[in-house]
Amino acid sequence: MTGPVVVVGDTLLDRDVEGAVNRLCPDSPVPVLDETGYVDRPGGAGLAAVFAAAQGAEVVLVTALADDAGGARLSALLTASGVQVYALPLAGATPEKIRLRARGRVLLRHDRGGPAGEPGEPSEAVLRAIANASAVLVSDYGRGVARKPALRAALAATRAPVVWDPHPRGPAVVPGVQLATPNEAEARELVPALPGATRLATASRGAQGLRRRWQAGAVAVTLGADGALLCHAGSTPLVVPAPTSAEGDTCGAGDRFAATASLALARGALVSEAVQEAVAEASAYVAAGGVATALPPPERPVVSTVVGSAGERVGVAAVAAVLAEVRAAGGTVVATGGCFDLLHAGHVATLQAARKLGDCLVVCLNSDASVAGLKGPGRPVVPQGDRGRLLAALSCVDAVMIFDEPTPDAALAWLRPDIWVKGGDYAGGGDAPDLPEAEVLGRWGGNTVVVPYLDGRSTTDMIAAARAGGQPAGTLEPTTERAR
(Lines give C-alpha, C1' and ligand atoms only; values in the text may rest on other atoms or scores of the structure.)
Protein backbone atom coordinates (compact mmCIF):
# COMPACT_ATOMS: atom_id res chain seq x y z
CA MET A 1 0.00 0.00 0.00
CA THR A 2 1.28 3.47 -0.88
CA GLY A 3 -1.45 5.52 0.79
CA PRO A 4 -4.15 5.21 3.42
CA VAL A 5 -7.34 3.26 3.00
CA VAL A 6 -10.03 5.95 2.89
CA VAL A 7 -13.54 5.15 4.11
CA VAL A 8 -16.25 7.58 3.02
CA GLY A 9 -19.76 7.50 4.41
CA ASP A 10 -22.26 8.00 7.19
CA THR A 11 -21.31 7.13 10.77
CA LEU A 12 -23.82 6.25 13.46
CA LEU A 13 -23.45 5.71 17.19
CA ASP A 14 -24.40 2.14 18.07
CA ARG A 15 -25.16 1.16 21.67
CA ASP A 16 -25.84 -2.34 22.95
CA VAL A 17 -27.72 -2.22 26.26
CA GLU A 18 -27.46 -5.52 28.16
CA GLY A 19 -29.89 -6.45 30.88
CA ALA A 20 -32.10 -9.04 32.49
CA VAL A 21 -35.82 -9.58 32.08
CA ASN A 22 -37.50 -10.99 35.18
CA ARG A 23 -40.91 -9.30 35.17
CA LEU A 24 -43.60 -7.61 33.11
CA CYS A 25 -44.49 -3.96 33.26
CA PRO A 26 -47.49 -3.49 35.60
CA ASP A 27 -49.30 -1.09 33.29
CA SER A 28 -48.71 -2.98 30.04
CA PRO A 29 -47.94 -6.63 29.19
CA VAL A 30 -44.39 -5.94 28.03
CA PRO A 31 -41.07 -7.15 29.48
CA VAL A 32 -39.05 -4.86 31.74
CA LEU A 33 -35.32 -4.79 30.98
CA ASP A 34 -33.18 -4.15 34.05
CA GLU A 35 -29.99 -2.67 32.56
CA THR A 36 -26.72 -4.21 33.71
CA GLY A 37 -24.37 -2.42 31.32
CA TYR A 38 -23.89 -1.00 27.88
CA VAL A 39 -21.27 -0.80 25.15
CA ASP A 40 -20.90 2.08 22.66
CA ARG A 41 -19.22 1.64 19.29
CA PRO A 42 -19.09 3.38 15.92
CA GLY A 43 -21.64 2.12 13.43
CA GLY A 44 -22.02 2.44 9.68
CA ALA A 45 -18.93 3.77 7.93
CA GLY A 46 -17.28 4.19 11.31
CA LEU A 47 -17.50 0.45 11.99
CA ALA A 48 -16.01 -0.37 8.59
CA ALA A 49 -13.15 2.03 9.32
CA VAL A 50 -12.50 0.42 12.72
CA PHE A 51 -12.44 -3.03 11.09
CA ALA A 52 -9.86 -1.85 8.54
CA ALA A 53 -7.71 -0.21 11.21
CA ALA A 54 -7.82 -3.37 13.32
CA GLN A 55 -6.16 -5.24 10.44
CA GLY A 56 -3.19 -2.89 10.57
CA ALA A 57 -4.09 -0.47 7.78
CA GLU A 58 -3.65 3.28 7.94
CA VAL A 59 -7.27 4.43 7.78
CA VAL A 60 -8.81 7.81 7.04
CA LEU A 61 -12.54 8.18 7.70
CA VAL A 62 -14.40 10.92 5.83
CA THR A 63 -17.71 11.30 7.60
CA ALA A 64 -20.04 13.89 9.12
CA LEU A 65 -20.23 14.57 12.86
CA ALA A 66 -22.88 16.62 14.62
CA ASP A 67 -22.17 19.19 17.33
CA ASP A 68 -23.63 17.06 20.12
CA ALA A 69 -22.63 14.50 22.73
CA GLY A 70 -23.04 11.65 20.23
CA GLY A 71 -20.62 13.28 17.82
CA ALA A 72 -18.06 13.81 20.58
CA ARG A 73 -18.42 10.20 21.69
CA LEU A 74 -17.93 8.92 18.14
CA SER A 75 -14.82 11.03 17.66
CA ALA A 76 -13.31 9.61 20.86
CA LEU A 77 -14.16 6.01 19.96
CA LEU A 78 -12.81 6.31 16.42
CA THR A 79 -9.58 8.02 17.45
CA ALA A 80 -8.99 5.43 20.17
CA SER A 81 -9.31 2.73 17.49
CA GLY A 82 -6.57 4.27 15.37
CA VAL A 83 -8.82 5.91 12.77
CA GLN A 84 -7.93 9.37 11.44
CA VAL A 85 -11.22 11.29 11.42
CA TYR A 86 -11.74 13.88 8.67
CA ALA A 87 -15.06 15.24 9.88
CA LEU A 88 -17.55 17.24 7.85
CA PRO A 89 -20.03 19.35 9.83
CA LEU A 90 -23.45 17.74 10.21
CA ALA A 91 -26.68 19.64 10.72
CA GLY A 92 -29.01 18.12 13.28
CA ALA A 93 -28.31 15.31 15.71
CA THR A 94 -26.06 12.26 15.64
CA PRO A 95 -28.03 9.19 14.46
CA GLU A 96 -28.08 6.53 17.18
CA LYS A 97 -29.13 2.88 17.05
CA ILE A 98 -29.74 1.35 20.46
CA ARG A 99 -30.24 -2.39 20.78
CA LEU A 100 -31.86 -3.67 23.98
CA ARG A 101 -30.53 -7.17 24.68
CA ALA A 102 -31.10 -9.94 27.19
CA ARG A 103 -29.27 -13.27 27.28
CA GLY A 104 -27.59 -12.50 23.99
CA ARG A 105 -30.83 -11.80 22.12
CA VAL A 106 -32.09 -8.47 20.81
CA LEU A 107 -35.46 -7.54 22.27
CA LEU A 108 -35.90 -4.16 20.60
CA ARG A 109 -33.98 -1.64 18.53
CA HIS A 110 -34.51 2.01 19.35
CA ASP A 111 -33.41 4.53 16.68
CA ARG A 112 -33.05 8.21 17.44
CA GLY A 113 -31.52 11.29 15.89
CA GLY A 114 -34.36 12.20 13.57
CA PRO A 115 -34.19 12.78 9.81
CA ALA A 116 -30.79 12.89 8.20
CA GLY A 117 -29.10 16.27 8.48
CA GLU A 118 -27.20 17.89 5.63
CA PRO A 119 -23.44 17.20 5.72
CA GLY A 120 -21.09 20.10 5.04
CA GLU A 121 -18.64 20.44 2.19
CA PRO A 122 -15.34 18.51 2.17
CA SER A 123 -12.08 20.36 2.66
CA GLU A 124 -9.13 20.28 0.30
CA ALA A 125 -7.43 17.87 2.71
CA VAL A 126 -10.31 15.42 2.27
CA LEU A 127 -10.07 15.58 -1.51
CA ARG A 128 -6.30 15.05 -1.35
CA ALA A 129 -6.74 12.02 0.89
CA ILE A 130 -9.06 10.41 -1.66
CA ALA A 131 -6.68 11.20 -4.52
CA ASN A 132 -3.73 9.65 -2.64
CA ALA A 133 -5.53 6.60 -1.26
CA SER A 134 -4.43 3.01 -1.81
CA ALA A 135 -8.13 2.06 -1.82
CA VAL A 136 -11.44 3.78 -1.11
CA LEU A 137 -14.47 2.22 0.53
CA VAL A 138 -17.76 4.10 0.23
CA SER A 139 -19.92 2.88 3.10
CA ASP A 140 -23.25 4.49 2.28
CA TYR A 141 -25.99 4.40 4.90
CA GLY A 142 -28.32 6.73 3.02
CA ARG A 143 -27.78 9.82 5.18
CA GLY A 144 -26.14 12.13 2.66
CA VAL A 145 -22.34 11.93 2.73
CA ALA A 146 -22.16 9.91 -0.49
CA ARG A 147 -24.35 12.49 -2.24
CA LYS A 148 -21.91 15.39 -1.91
CA PRO A 149 -20.96 16.44 -5.47
CA ALA A 150 -17.36 17.31 -4.54
CA LEU A 151 -16.85 13.89 -2.97
CA ARG A 152 -18.41 12.12 -5.94
CA ALA A 153 -16.14 14.00 -8.32
CA ALA A 154 -13.10 13.03 -6.24
CA LEU A 155 -14.21 9.37 -6.18
CA ALA A 156 -14.65 9.36 -9.95
CA ALA A 157 -11.19 10.87 -10.45
CA THR A 158 -9.11 8.76 -8.06
CA ARG A 159 -6.82 6.05 -9.44
CA ALA A 160 -7.32 3.92 -6.36
CA PRO A 161 -9.69 0.94 -6.48
CA VAL A 162 -13.10 1.98 -5.17
CA VAL A 163 -15.41 -0.42 -3.34
CA TRP A 164 -18.98 0.84 -2.91
CA ASP A 165 -21.30 -0.62 -0.28
CA PRO A 166 -24.65 0.88 -1.40
CA HIS A 167 -27.89 1.66 0.38
CA PRO A 168 -31.38 1.69 -1.20
CA ARG A 169 -31.97 5.24 0.08
CA GLY A 170 -28.56 6.41 -1.08
CA PRO A 171 -27.42 7.81 -4.43
CA ALA A 172 -26.37 5.78 -7.43
CA VAL A 173 -22.88 4.35 -7.39
CA VAL A 174 -20.30 6.56 -9.11
CA PRO A 175 -19.60 5.05 -12.56
CA GLY A 176 -16.40 3.06 -12.89
CA VAL A 177 -16.00 1.67 -9.37
CA GLN A 178 -14.10 -1.59 -9.21
CA LEU A 179 -16.53 -3.42 -6.93
CA ALA A 180 -20.02 -2.80 -5.51
CA THR A 181 -21.23 -4.95 -2.61
CA PRO A 182 -25.02 -4.85 -2.08
CA ASN A 183 -26.57 -7.48 0.14
CA GLU A 184 -29.31 -9.76 -1.12
CA ALA A 185 -32.20 -7.61 0.10
CA GLU A 186 -30.68 -4.41 -1.30
CA ALA A 187 -30.09 -6.01 -4.72
CA ARG A 188 -33.66 -7.31 -4.80
CA GLU A 189 -35.01 -3.85 -3.89
CA LEU A 190 -32.94 -2.14 -6.59
CA VAL A 191 -33.63 -4.80 -9.26
CA PRO A 192 -36.98 -6.54 -8.60
CA ALA A 193 -36.98 -10.32 -8.94
CA LEU A 194 -38.89 -12.17 -11.64
CA PRO A 195 -41.85 -14.26 -10.42
CA GLY A 196 -40.84 -17.81 -9.57
CA ALA A 197 -37.11 -17.19 -10.00
CA THR A 198 -34.70 -19.08 -7.78
CA ARG A 199 -32.56 -17.36 -5.20
CA LEU A 200 -29.37 -17.65 -7.25
CA ALA A 201 -31.15 -16.49 -10.41
CA THR A 202 -32.52 -13.47 -8.55
CA ALA A 203 -29.10 -12.59 -7.15
CA SER A 204 -27.48 -13.02 -10.58
CA ARG A 205 -30.13 -10.87 -12.27
CA GLY A 206 -29.67 -8.19 -9.65
CA ALA A 207 -25.88 -8.22 -9.88
CA GLN A 208 -25.81 -8.07 -13.68
CA GLY A 209 -28.46 -5.36 -13.78
CA LEU A 210 -26.66 -3.22 -11.23
CA ARG A 211 -23.29 -3.71 -12.92
CA ARG A 212 -24.71 -2.33 -16.16
CA ARG A 213 -26.67 0.44 -14.43
CA TRP A 214 -23.69 1.61 -12.40
CA GLN A 215 -21.04 0.87 -15.05
CA ALA A 216 -19.17 -1.00 -12.33
CA GLY A 217 -16.32 -3.38 -12.90
CA ALA A 218 -17.99 -6.01 -10.71
CA VAL A 219 -20.90 -6.48 -8.34
CA ALA A 220 -20.83 -8.97 -5.47
CA VAL A 221 -24.20 -9.73 -3.89
CA THR A 222 -23.67 -11.01 -0.36
CA LEU A 223 -25.85 -13.98 0.59
CA GLY A 224 -25.40 -14.17 4.32
CA ALA A 225 -24.33 -17.61 5.52
CA ASP A 226 -24.22 -18.83 1.90
CA GLY A 227 -21.36 -16.55 0.85
CA ALA A 228 -21.60 -14.24 -2.16
CA LEU A 229 -22.33 -14.19 -5.87
CA LEU A 230 -19.90 -12.20 -8.03
CA CYS A 231 -20.70 -10.87 -11.50
CA HIS A 232 -17.97 -9.24 -13.54
CA ALA A 233 -16.87 -9.55 -17.16
CA GLY A 234 -18.82 -12.26 -18.95
CA SER A 235 -22.26 -13.67 -18.35
CA THR A 236 -21.44 -16.49 -15.94
CA PRO A 237 -21.46 -15.49 -12.28
CA LEU A 238 -18.96 -16.78 -9.72
CA VAL A 239 -20.50 -18.27 -6.59
CA VAL A 240 -18.21 -17.97 -3.57
CA PRO A 241 -19.53 -20.24 -0.80
CA ALA A 242 -18.79 -19.59 2.85
CA PRO A 243 -16.02 -21.90 4.11
CA THR A 244 -18.03 -22.70 7.25
CA SER A 245 -21.68 -22.51 8.15
CA ALA A 246 -22.09 -20.15 11.08
CA GLU A 247 -25.09 -18.81 12.94
CA GLY A 248 -24.92 -15.79 15.19
CA ASP A 249 -25.13 -12.02 15.38
CA THR A 250 -24.70 -10.72 11.82
CA CYS A 251 -24.61 -7.05 12.81
CA GLY A 252 -21.61 -5.54 11.01
CA ALA A 253 -20.96 -8.55 8.77
CA GLY A 254 -21.52 -6.48 5.63
CA ASP A 255 -19.10 -3.83 6.88
CA ARG A 256 -16.54 -6.55 7.64
CA PHE A 257 -16.99 -7.94 4.11
CA ALA A 258 -16.56 -4.56 2.41
CA ALA A 259 -13.58 -3.54 4.56
CA THR A 260 -11.78 -6.84 3.88
CA ALA A 261 -12.38 -6.59 0.13
CA SER A 262 -11.06 -3.01 0.13
CA LEU A 263 -7.86 -4.00 1.94
CA ALA A 264 -7.31 -6.90 -0.46
CA LEU A 265 -7.68 -4.65 -3.50
CA ALA A 266 -5.30 -2.15 -1.90
CA ARG A 267 -2.71 -4.95 -1.76
CA GLY A 268 -3.21 -5.66 -5.47
CA ALA A 269 -5.52 -8.68 -5.30
CA LEU A 270 -7.85 -9.58 -8.14
CA VAL A 271 -11.53 -8.84 -7.56
CA SER A 272 -12.34 -12.55 -7.35
CA GLU A 273 -9.56 -13.02 -4.79
CA ALA A 274 -10.79 -10.04 -2.79
CA VAL A 275 -14.35 -11.41 -2.68
CA GLN A 276 -13.16 -14.85 -1.60
CA GLU A 277 -11.11 -13.30 1.20
CA ALA A 278 -14.06 -11.12 2.22
CA VAL A 279 -16.45 -14.09 2.38
CA ALA A 280 -14.02 -16.04 4.55
CA GLU A 281 -13.44 -13.10 6.88
CA ALA A 282 -17.14 -12.24 7.24
CA SER A 283 -18.00 -15.89 7.95
CA ALA A 284 -15.30 -16.16 10.61
CA TYR A 285 -16.50 -12.88 12.11
CA VAL A 286 -20.06 -14.18 12.60
CA ALA A 287 -18.83 -17.54 13.88
CA ALA A 288 -16.64 -15.83 16.48
CA GLY A 289 -19.55 -13.90 17.96
CA GLY A 290 -19.90 -10.87 15.71
CA VAL A 291 -19.33 -7.29 16.74
CA ALA A 292 -19.36 -8.05 20.47
CA THR A 293 -16.03 -9.90 20.20
CA ALA A 294 -14.51 -8.44 17.03
CA LEU A 295 -13.68 -4.89 18.08
CA PRO A 296 -10.24 -4.42 19.61
CA PRO A 297 -10.11 -2.68 23.00
CA PRO A 298 -8.93 0.93 22.82
CA GLU A 299 -5.37 1.71 23.82
CA ARG A 300 -6.79 3.70 26.71
CA PRO A 301 -10.26 3.49 28.21
CA VAL A 302 -12.62 5.87 26.48
CA VAL A 303 -14.41 7.87 29.15
CA SER A 304 -17.44 10.00 28.42
CA THR A 305 -16.65 13.68 28.44
CA VAL A 306 -17.49 15.23 31.79
CA VAL A 307 -20.69 17.25 31.74
CA GLY A 308 -21.02 20.03 34.30
CA SER A 309 -24.15 21.24 36.01
CA ALA A 310 -26.37 23.85 34.42
CA GLY A 311 -24.69 27.21 34.17
CA GLU A 312 -21.15 25.95 34.70
CA ARG A 313 -20.24 26.02 31.01
CA VAL A 314 -18.41 22.70 31.41
CA GLY A 315 -19.06 19.62 29.27
CA VAL A 316 -20.24 18.57 25.83
CA ALA A 317 -23.71 20.12 26.15
CA ALA A 318 -22.25 23.50 27.06
CA VAL A 319 -19.70 23.36 24.26
CA ALA A 320 -22.30 22.25 21.71
CA ALA A 321 -24.54 25.19 22.61
CA VAL A 322 -21.67 27.64 22.09
CA LEU A 323 -20.69 26.05 18.78
CA ALA A 324 -24.25 26.18 17.48
CA GLU A 325 -24.68 29.85 18.37
CA VAL A 326 -21.34 31.00 16.95
CA ARG A 327 -21.54 28.96 13.75
CA ALA A 328 -25.13 30.03 13.10
CA ALA A 329 -23.90 33.63 13.15
CA GLY A 330 -20.96 32.83 10.86
CA GLY A 331 -18.44 33.43 13.63
CA THR A 332 -14.97 32.05 14.31
CA VAL A 333 -14.45 29.22 16.79
CA VAL A 334 -11.18 29.34 18.73
CA ALA A 335 -9.91 26.53 20.95
CA THR A 336 -6.92 25.90 23.17
CA GLY A 337 -5.98 23.16 25.57
CA GLY A 338 -3.84 21.97 28.44
CA CYS A 339 -3.76 20.60 31.96
CA PHE A 340 -4.16 23.94 33.79
CA ASP A 341 -3.31 22.17 37.03
CA LEU A 342 -2.64 25.33 39.01
CA LEU A 343 -4.26 28.27 37.25
CA HIS A 344 -1.75 31.12 37.12
CA ALA A 345 -1.21 34.46 35.37
CA GLY A 346 0.54 32.80 32.43
CA HIS A 347 -2.54 30.70 31.74
CA VAL A 348 -4.82 33.73 31.97
CA ALA A 349 -2.67 35.74 29.56
CA THR A 350 -2.75 32.92 27.01
CA LEU A 351 -6.51 32.50 27.34
CA GLN A 352 -7.18 36.23 27.02
CA ALA A 353 -5.02 36.45 23.91
CA ALA A 354 -6.72 33.43 22.39
CA ARG A 355 -10.22 34.82 22.98
CA LYS A 356 -9.38 37.96 21.00
CA LEU A 357 -8.79 35.85 17.85
CA GLY A 358 -12.42 34.86 17.33
CA ASP A 359 -16.00 34.87 18.58
CA CYS A 360 -15.73 32.19 21.26
CA LEU A 361 -13.04 30.28 23.14
CA VAL A 362 -13.41 26.59 24.00
CA VAL A 363 -10.82 25.11 26.37
CA CYS A 364 -9.95 21.42 25.93
CA LEU A 365 -8.96 20.32 29.43
CA ASN A 366 -6.98 17.14 30.18
CA SER A 367 -8.86 14.89 32.61
CA ASP A 368 -7.29 13.64 35.83
CA ALA A 369 -6.39 10.32 34.14
CA SER A 370 -4.86 12.14 31.18
CA VAL A 371 -2.79 14.43 33.41
CA ALA A 372 -1.52 11.49 35.47
CA GLY A 373 -0.51 9.68 32.31
CA LEU A 374 1.39 12.70 31.01
CA LYS A 375 2.98 13.98 34.23
CA GLY A 376 3.09 11.10 36.67
CA PRO A 377 1.11 9.75 39.61
CA GLY A 378 1.56 12.91 41.70
CA ARG A 379 -0.51 15.00 39.33
CA PRO A 380 -2.91 16.66 39.07
CA VAL A 381 -2.90 18.65 42.26
CA VAL A 382 -6.34 20.08 41.51
CA PRO A 383 -9.06 17.63 40.35
CA GLN A 384 -10.67 18.05 36.94
CA GLY A 385 -14.01 19.26 38.28
CA ASP A 386 -12.40 22.18 40.08
CA ARG A 387 -10.05 22.92 37.20
CA GLY A 388 -12.98 23.06 34.81
CA ARG A 389 -15.01 25.37 37.04
CA LEU A 390 -12.08 27.75 37.53
CA LEU A 391 -11.53 28.01 33.79
CA ALA A 392 -15.24 28.46 33.06
CA ALA A 393 -15.37 31.29 35.59
CA LEU A 394 -13.00 33.38 33.48
CA SER A 395 -14.75 35.94 31.29
CA CYS A 396 -12.52 35.04 28.32
CA VAL A 397 -13.61 31.36 28.35
CA ASP A 398 -16.95 30.45 26.78
CA ALA A 399 -16.98 26.69 27.50
CA VAL A 400 -14.74 23.87 28.75
CA MET A 401 -14.51 20.33 27.38
CA ILE A 402 -12.73 17.66 29.47
CA PHE A 403 -11.06 14.86 27.51
CA ASP A 404 -9.48 11.63 28.71
CA GLU A 405 -6.99 10.85 25.93
CA PRO A 406 -3.27 11.81 26.01
CA THR A 407 -3.81 14.32 23.18
CA PRO A 408 -6.77 16.51 22.22
CA ASP A 409 -7.03 14.96 18.73
CA ALA A 410 -10.41 13.30 19.32
CA ALA A 411 -11.85 16.46 20.87
CA LEU A 412 -10.54 18.56 17.99
CA ALA A 413 -12.00 16.24 15.35
CA TRP A 414 -15.41 16.88 16.90
CA LEU A 415 -14.95 20.58 17.67
CA ARG A 416 -13.43 21.46 14.27
CA PRO A 417 -12.24 24.87 15.54
CA ASP A 418 -11.21 27.48 13.01
CA ILE A 419 -8.16 28.35 15.14
CA TRP A 420 -6.14 26.29 17.63
CA VAL A 421 -4.03 28.40 19.99
CA LYS A 422 -0.91 27.41 21.89
CA GLY A 423 1.00 29.52 24.36
CA GLY A 424 4.78 29.28 24.36
CA ASP A 425 7.97 29.71 22.36
CA TYR A 426 6.93 27.65 19.31
CA ALA A 427 7.23 30.66 16.97
CA GLY A 428 10.99 30.46 16.87
CA GLY A 429 11.45 31.42 13.23
CA GLY A 430 11.20 29.86 9.82
CA ASP A 431 12.72 26.55 10.93
CA ALA A 432 10.40 26.11 13.92
CA PRO A 433 8.43 22.83 13.88
CA ASP A 434 4.69 22.81 13.33
CA LEU A 435 2.48 22.47 16.36
CA PRO A 436 1.55 18.83 17.04
CA GLU A 437 -2.11 19.63 16.31
CA ALA A 438 -1.42 21.24 12.91
CA GLU A 439 -2.08 18.04 10.94
CA VAL A 440 -5.41 17.50 12.67
CA LEU A 441 -6.52 21.12 12.09
CA GLY A 442 -5.57 20.82 8.43
CA ARG A 443 -8.21 18.13 7.90
CA TRP A 444 -10.95 20.79 7.82
CA GLY A 445 -8.87 23.83 6.89
CA GLY A 446 -8.26 25.12 10.41
CA ASN A 447 -5.19 27.08 11.47
CA THR A 448 -2.77 26.77 14.38
CA VAL A 449 -1.17 29.80 16.02
CA VAL A 450 0.92 30.65 19.07
CA VAL A 451 0.51 33.60 21.39
CA PRO A 452 3.07 35.12 23.77
CA TYR A 453 3.35 33.81 27.30
CA LEU A 454 4.27 35.53 30.53
CA ASP A 455 7.85 34.55 31.30
CA GLY A 456 8.63 32.88 34.61
CA ARG A 457 5.32 31.04 35.10
CA SER A 458 5.38 27.26 35.35
CA THR A 459 2.94 24.95 37.08
CA THR A 460 5.66 22.38 37.75
CA ASP A 461 7.93 24.95 39.39
CA MET A 462 5.03 26.42 41.37
CA ILE A 463 4.24 22.99 42.80
CA ALA A 464 7.89 22.33 43.59
CA ALA A 465 8.28 25.72 45.28
CA ALA A 466 5.12 25.24 47.30
CA ARG A 467 6.24 21.82 48.52
CA ALA A 468 9.68 23.18 49.39
CA GLY A 469 8.32 26.36 50.97
CA GLY A 470 10.34 28.32 48.43
CA GLN A 471 10.12 31.58 46.58
CA PRO A 472 6.85 33.24 45.47
CA ALA A 473 5.29 31.91 42.28
CA GLY A 474 5.63 35.17 40.42
CA THR A 475 9.41 35.10 40.67
CA LEU A 476 10.08 31.57 39.50
CA GLU A 477 12.65 30.94 36.81
CA PRO A 478 11.19 30.19 33.36
CA THR A 479 10.95 26.58 32.16
CA THR A 480 9.82 24.89 28.99
CA GLU A 481 6.38 24.20 30.49
CA ARG A 482 4.65 27.48 29.73
CA ALA A 483 0.90 26.94 29.56
CA ARG A 484 0.27 23.61 31.14
Side-chain angles (χ1 to χ4, degrees), residues 76 300-309 312-316 318-319 334-355 361-412 415 417 420-426 435-437 448 450-484:
R300 288 172 56 91
V302 178
V303 178
S304 298
T305 302
V306 176
V307 179
S309 303
E312 288 186 351
R313 297 187 293 167
V314 179
V316 168
V319 175
V334 182
T336 190
C339 301
F340 299 97
D341 196 1
L342 290 180
L343 192 63
H344 55 67
H347 293 144
V348 175
T350 296
L351 295 169
Q352 289 174 333
R355 180 61 177 83
L361 176 62
V362 176
V363 177
C364 299
L365 179 66
N366 294 74
S367 72
D368 290 349
S370 178
V371 175
L374 292 170
K375 299 185 176 296
R379 301 281 298 274
V381 174
V382 180
Q384 63 191 33
D386 289 348
R387 289 185 285 127
R389 291 183 183 94
L390 286 170
L391 287 167
L394 298 175
S395 61
C396 56
V397 174
D398 294 275
V400 178
M401 178 179 181
I402 304 176
F403 66 93
D404 194 58
E405 299 77 23
T407 72
D409 289 4
L412 289 174
L415 284 170
W420 173 254
V421 178
K422 203 88 166 182
D425 54 356
Y426 292 91
L435 296 183
E437 299 83 6
T448 54
V450 295
V451 295
Y453 57 85
L454 287 180
D455 207 6
R457 274 75 176 179
S458 162
T459 298
T460 299
D461 286 350
M462 288 174 66
I463 293 171
R467 287 172 175 169
Q471 55 190 325
T475 62
L476 295 177
E477 292 299 318
T479 73
T480 56
E481 186 186 23
R482 304 298 183 183
R484 303 294 286 178

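Scope of the values below: all heavy atoms of this structure, side chains included, with no hydrogens, waters or symmetry mates. Throughout, residue positions are numbered sequentially from 1 according to the sequence presented. A quick note: this is a predicted structure, and the numbers were derived from the prediction, not measured.
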Peer 1: Which heavy atom in Ala411 sits nearest to a heavy atom in Cys364, and how many Å separate them?
Peer 2: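 The pair with the smallest heavy-atom distance is CB-SG, 4.3 Å.
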Peer 1: In sequence, state the C-alpha distance, the side-chain angles, and the governing distance for Arg387 and Val371, and then conclude on side-chain contact (heavy atoms from CB on, under 4.5 Å).
Peer 2: CA-CA 12 Å; Arg387 289 185 285 127; Val371 175; 3.9 Å; yes
Peer 1: Do Leu415 and Met401 come within less than 4.5 Å of each other through their side chains, counting heavy atoms only?
Peer 2: yes
Peer 1: With rounding to the nearest 0.5 Å, note down the distance linking CZ in Phe340 to CG in Leu390.
Peer 2: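 Going from CZ on Phe340 over to CG on Leu390, the span is 11.5 Å.
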Peer 1: What distance do Thr350 atom OG1 and His344 atom NE2 have between them, rounded to the nearest 0.5 Å?
Peer 2: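 Nearest 0.5 Å value for the OG1-NE2 distance: 8.5 Å.
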Peer 1: Return yes if a side-chain donor-acceptor contact under 3.5 Å exists between Ser367 and Asp404, otherwise no.
Peer 2: yes
Peer 1: How long is the gap from OG on Ser395 to CZ on Arg355, to the nearest 0.5 Å?
Peer 2: 9.0 Å
Peer 1: Of Leu394, Leu391, Val334, which is the lone residue that meets side chain to side chain contact (heavy atoms under 4.5 Å, CB included) with Leu361?
Peer 2: Val334
Peer 1: Is any side-chain heavy atom of Pro408 closer than 4.5 Å to a side-chain heavy atom of Glu437?
Peer 2: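 Answer yes - side chains close enough.
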Peer 1: Which atom names give the shortest non-hydrogen contact between Pro406 and Leu374, and what distance separates them?
Peer 2: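 Closest heavy-atom pair between Pro406 and Leu374: O-CD1, 3.8 Å.
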Peer 1: Whether Asp368 and Arg379 form a salt bridge (side-chain N of Lys/Arg under 4.0 Å from carboxylate O of Asp/Glu) is what I want to check.
Peer 2: no
Peer 1: Give, for atom OG1 of Thr448 and atom NZ of Lys422, the distance between the pair rounded to the nearest 0.5 Å.
Peer 2: 10.0 Å
Peer 1: Is the shortest side-chain heavy-atom distance between Leu351 and Thr336 below 4.5 Å?
Peer 2: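 Counting from C-beta outward, Leu351 and Thr336 do come under 4.5 Å.
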Peer 1: Tell me the salt bridge (Lys or Arg N to Asp or Glu O under 4.0 Å) pairs involving residues 344-354, sequence neighbours left out?
Peer 2: none
Peer 1: With rounding to the nearest 0.5 Å, note down the distance linking SG in Cys339 to CD in Gln384.
Peer 2: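 Cys339 SG to Gln384 CD: 11.5 Å, rounded to 0.5 Å.
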Peer 1: Write down the atom of Val314, the atom of Arg389, and the distance for their closest heavy-atom approach.
Peer 2: CG2-N, 4.3 Å
Peer 1: Please step through side-chain contact (heavy atoms from CB on, under 4.5 Å) for the pair Phe403 and Leu365, ending with a clear verdict.
Peer 2: CA-CA 6 Å; Phe403 66 93; Leu365 179 66; 5.6 Å; no
Peer 1: Of all the heavy-atom pairs spanning Val400 and Val319, show the shortest one and how long it is.
Peer 2: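 Answer, listing the atom of Val400 first, then Val319: O-CG2, 3.8 Å.
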Peer 1: Quick one: OG1 on Thr407 to CG on Leu412, what's the gap to the nearest 0.5 Å?
Peer 2: 8.0 Å
